[in-house]
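Everything on this sheet refers to the single structure shown next.
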Amino acid sequence: ANKLKVKPEKCLVIEDSPKGIEAAKLANMYVIALMTTHVPNQLIAADKIVRDFNQISLEDLANSI
């Protein structure tokens with residue numbers, strides 16, 4: 001966010017690990033979790049959980065800003 005000169009709350013993070021989700025949420029970023037290596041209950045801290053990139057909609061992107 002700093003390098004991009006964007007407020008963290010205006011950032012979208014797409015992550016597949018619980019630690020990455022935790023870091024993004026601690027930074028006040030919107031997080032979409034991908035179920036590539038973990039089951040949904042391990043990704044529960046994300047704002048949204050999807051199976052793959054095809055399940056990410058324009059609405060999801062709009063929610064992140």
Side-chain angles (χ1 to χ4, degrees):
N2 288 338
K3 287 183 181 181
L4 295 172
K5 297 181 178 156
V6 177
K7 293 181 181 181
E9 49 280 350
K10 298 290 185 180
C11 293
L12 166 66
V13 174
I14 300 174
E15 182 58 64
D16 68 346
S17 74
K19 291 290 184 186
I21 293 167
E22 179 183 2
K25 294 307 294 176
L26 286 172
N28 293 320
M29 297 177 177
Y30 186 85
V31 181
I32 297 176
L34 285 175
M35 293 190 308
T36 55
T37 57
H38 294 86
V39 294
N41 68 344
Q42 295 173 306
L43 307 171
I44 198 76
D47 296 291
K48 181 170 182 167
I49 301 171
V50 297
R51 291 186 197 278
D52 58 47
F53 284 104
N54 292 325
Q55 290 187 307
I56 299 173
S57 68
L58 290 176
E59 182 179 332
D60 295 325
L61 300 177
N63 286 338
S64 70
I65 56 170

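All residue numbers in this chain count up from 1 along the given sequence. Note that these values count all heavy atoms, side chains included, but never hydrogens, waters or copies made by symmetry.
Applying the side chain to side chain contact (heavy atoms under 4.5 Å, CB included) test to A24 and every residue at least two apart in sequence or in another chain returns V13, M29, V31. Among residues two or more places apart in sequence or in another chain, the salt bridge (charged side-chain N to carboxylate O under 4.0 Å, His left out) test is passed with K25 by D47. Not counting sequence neighbours, K10 has no partner by the side-chain hydrogen bond (donor to acceptor under 3.5 Å, both in side chains) test. When the side-chain hydrogen bond (donor to acceptor under 3.5 Å, both in side chains) test is applied to K7, no partner is found at least two apart in sequence or on another chain. When the side chain to side chain contact (heavy atoms under 4.5 Å, CB included) test is applied to I44, no partner is found at least two apart in sequence or on another chain.
What you find for P18 and Q42 is that their closest heavy atoms are CG-O, 3.4 Å. Pairing each heavy atom of A1 with each of C11, the nearest pair is CB-SG, 3.8 Å. Between P40 and I49, the shortest heavy-atom distance links the atoms O-CD1, 3.6 Å.
Surrounding CG of L58 are at most 12 heavy atoms belonging to other residues, nucleotides or ligands under 6.0 Å away.
Under the 4.5 Å side-chain heavy-atom criterion for ILVMFWY residues, a single connected hydrophobic cluster contains both Y30 and V50. Using a 4.5 Å cut-off between side-chain heavy atoms of Ile, Leu, Val, Met, Phe, Trp and Tyr, with links allowed through other members, F53 and I32 fall into the same hydrophobic cluster.
Residues in residues 50-61 take part in these side-chain hydrogen bond (donor to acceptor under 3.5 Å, both in side chains) pairs, two or more places apart or across chains: K48-D60, S57-D60.
Applying side-chain contact (heavy atoms from CB on, under 4.5 Å) to D16 and the options L43, I21, T36 leaves one that passes, T36.
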